[in-house]
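Input: a single structure, listed below in structure tokens.
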Amino acid sequence: MPTVLITGASRGIGREFGHQYAEAGWRVIATCRDPQAAGLEDALAMDVASQLDVEDVASQLAGEPIDLLINNAGISAASGQAFGSFDYDDWERVLRVNTIAPIRIAEAFADNVAGSERKLMVFLSSILGSIAEGSGGSYTPYGTSKAALNAAMKGISGDLGARGITCISVHPGWVQTDMGGAGAAIDVRTSVSGLRQVIDGLGPGDNGHFFDYTGRVLPW
Ligand SMILES: NC(=O)c1ccc[n+]([C@@H]2O[C@H](COP(=O)([O-])OP(=O)(O)OC[C@H]3O[C@@H](n4cnc5c(N)ncnc54)[C@H](OP(=O)(O)O)[C@@H]3O)[C@@H](O)[C@H]2O)c1
């Protein structure tokens, strides 16, 4: 039975990943900030921005193979920002959660993934992190956090590839979640089943690439 570890499994896309992989017979290790509040008593408590939490969960799982690590947890930037009124404290908070935390987690669990059969890592990025296709403007703080995540993912893909691990960034679509809003283009089921198909088809040749939930390769 393959194992998946998901960050930010309390809501939205992360929660749906948990449902779909459990339904497909996988062992699901759900992690979230507050398992009890999320009604996920079996989940492990992990704030992705906390080095202590990450070390604690990594030591609990030491030696256990993780076939697929899904770095899903993420936050939006504070609303109402634009050039002339950027909130730099908020921007740093977004970079810590969306950019630095997923890389810290990739380092913390690399041995688990390298010791598994499938050896996959997926980073939830966004089309707003594409310099070619992103929107800029008020999305600049969030967009930079995902552009930097893509650059970091690409940056570590050589080290991971040398250990047999394939890592990719993905854009899940514009999805109806707390972050995407009720008016978003697709529901979580559509996004996550598309992403699962992309993940299912991954091979070493895909290492370091950026896909959307339909399998389209996205420009940086
Ligand atoms: N929805 C979209 O349209 C869309 C588009 C492009 C990319 N994305 C990306 O997809 C991912 C999931 O987004 P979503 O739409 O499902 O968002 P969401 O509904 O707002 O859920 C975000 C999840 O991340 C968790 N999280 C936030 N900060 C955390 C932290 N410090 N430690 C642990 N967990 C934390 C939240 O946990 P709590 O319940 O504890 O807050 C929640 O489970 C994010 O990386 C997002 O940037 C989403």
Side-chain angles (χ1 to χ4, degrees), residues 5-20 28-40 43-58 69-79 90-106 108-109 121-130 133-135 139-150 152-153 168-196 198-199 210-214 216 218:
L5 185 149
I6 306 162
T7 66
S10 58
R11 303 183 270 131
I13 293 167
R15 188 150 187 141
E16 181 66 15
F17 265 123
H19 287 317
Q20 290 200 19
V28 174
I29 304 174
T31 72
C32 62
R33 283 193 278 206
D34 188 342
Q36 231 171 349
L40 291 174
L44 300 174
M46 182 165 76
D47 180 331
V48 296
S50 159
Q51 173 83 35
L52 277 181
D53 281 9
V54 174
E55 281 172 3
D56 181 39
V57 172
L69 170 64
I70 302 181
N71 261 300
N72 163 78
I75 55 175
S76 314
S79 58
D90 182 69
W91 198 333
E92 283 182 18
R93 182 183 68 99
V94 171
L95 288 168
R96 269 198 301 277
V97 174
N98 289 0
T99 310
I100 294 170
I103 303 305
R104 193 208 312 275
I105 286 168
F109 295 99
M121 284 193 195
V122 172
F123 295 82
L124 267 286
S125 179
S126 169
I127 193 65
L128 296 172
S130 166
E133 292 194 5
S135 308
Y139 291 110
T140 297
Y142 176 81
T144 61
S145 75
K146 296 297 193 180
L149 174 64
N150 288 345
M153 181 283 299
I168 61 165
S169 289
V170 294
H171 169 53
W174 181 26
V175 191
Q176 291 149 14
T177 62
D178 292 339
M179 182 183 289
I186 56 171
D187 60 19
V188 280
R189 181 165 270 276
T190 306
S191 171
V192 169
S193 40
L195 289 170
R196 284 182 50 227
V198 172
I199 292 166
F210 182 23
F211 297 94
D212 77 1
Y213 74 103
T214 69
R216 180 167 83 100
L218 298 177

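Predicted model only: the values in this text are computed from it and were never measured. Just so you know, these numbers use all the heavy atoms, side chains as well, and skip hydrogens, waters and symmetry mates. Each ligand, and each atom within it, is numbered from 1 in the order the structure gives.
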**Prompt:** Is C32 in contact with ligand 1, taking contact as a heavy-atom separation below 4.0 Å?
**Reply:** no
**Request:** List every atom of ligand 1 that sits less than 4.0 Å from any heavy atom of S126, numbering the atoms from 1 in the order shown and giving each element.
**Result:** 6 (C), 7 (C)
**Fill in**
Those residues at least two apart in sequence (or on a different chain) that pass ring pair (Phe, Tyr, Trp, His ring centres under 6.0 Å) with F211 are none
**Request:** Under 4.0 Å from a heavy atom of P172: give me the atoms of ligand 1 that qualify, with their elements.
**Result:** 4 (C), 5 (C), 6 (C), 7 (C), 8 (N), 48 (C)
**R15 near ligand 1 by a heavy-atom separation under 4.0 Å** = no
**Fill in**
Heavy-atom proximity to atom 5 (C) of ligand 1 ranks first, among G173, S145, G180, for G173
**Fill in**
Restricting to heavy atoms, the pick from V94, V192, V175, T177 nearest atom 19 (O) of ligand 1 would be T177
**Message:** Among all protein heavy atoms in this structure, tell me which lies nearest to atom 31 (N) of ligand 1, with the distance rounded to 0.1 Å.
**Reply:** D47 OD1, 2.8 Å
**Partner residues of W91 under the ring pair (Phe, Tyr, Trp, His ring centres under 6.0 Å) criterion, sequence neighbours left out** = F86, Y88
**Complete:** For W174, the ligand 1 atoms with a heavy-atom partner under 4.0 Å come out as 3 (O)
**Message:** With heavy-atom distances below 4.0 Å as the criterion, list the atoms of ligand 1 near S125.
**Reply:** 6 (C), 7 (C), 8 (N), 9 (C)
**Shortest heavy-atom approach to atom 40 (O) of ligand 1 - which of K146, R33, M179, R93** = R33
**Asked** If you measure from atom 27 (C) of ligand 1 to every heavy atom of P35, G74, A38, which option wins on shortest distance?
**Response** G74
**Prompt:** If you count the atoms of ligand 1 from 1 in the order shown, which ones are under 4.0 Å from a heavy atom of M46?
**Reply:** 32 (N), 33 (C)
**Asked** Contact between I75 and ligand 1, counting heavy atoms under 4.0 Å?
**Response** yes
**Message:** Under the side-chain contact (heavy atoms from CB on, under 4.5 Å) test against I199, which residue among V170, V192, V122 passes?
**Reply:** V122
**Message:** My understanding is that we take every heavy atom of each candidate and find the minimum distance to atom 11 (C) of ligand 1. Doing that for D53, D178, N72, which one comes out nearest?
**Reply:** N72
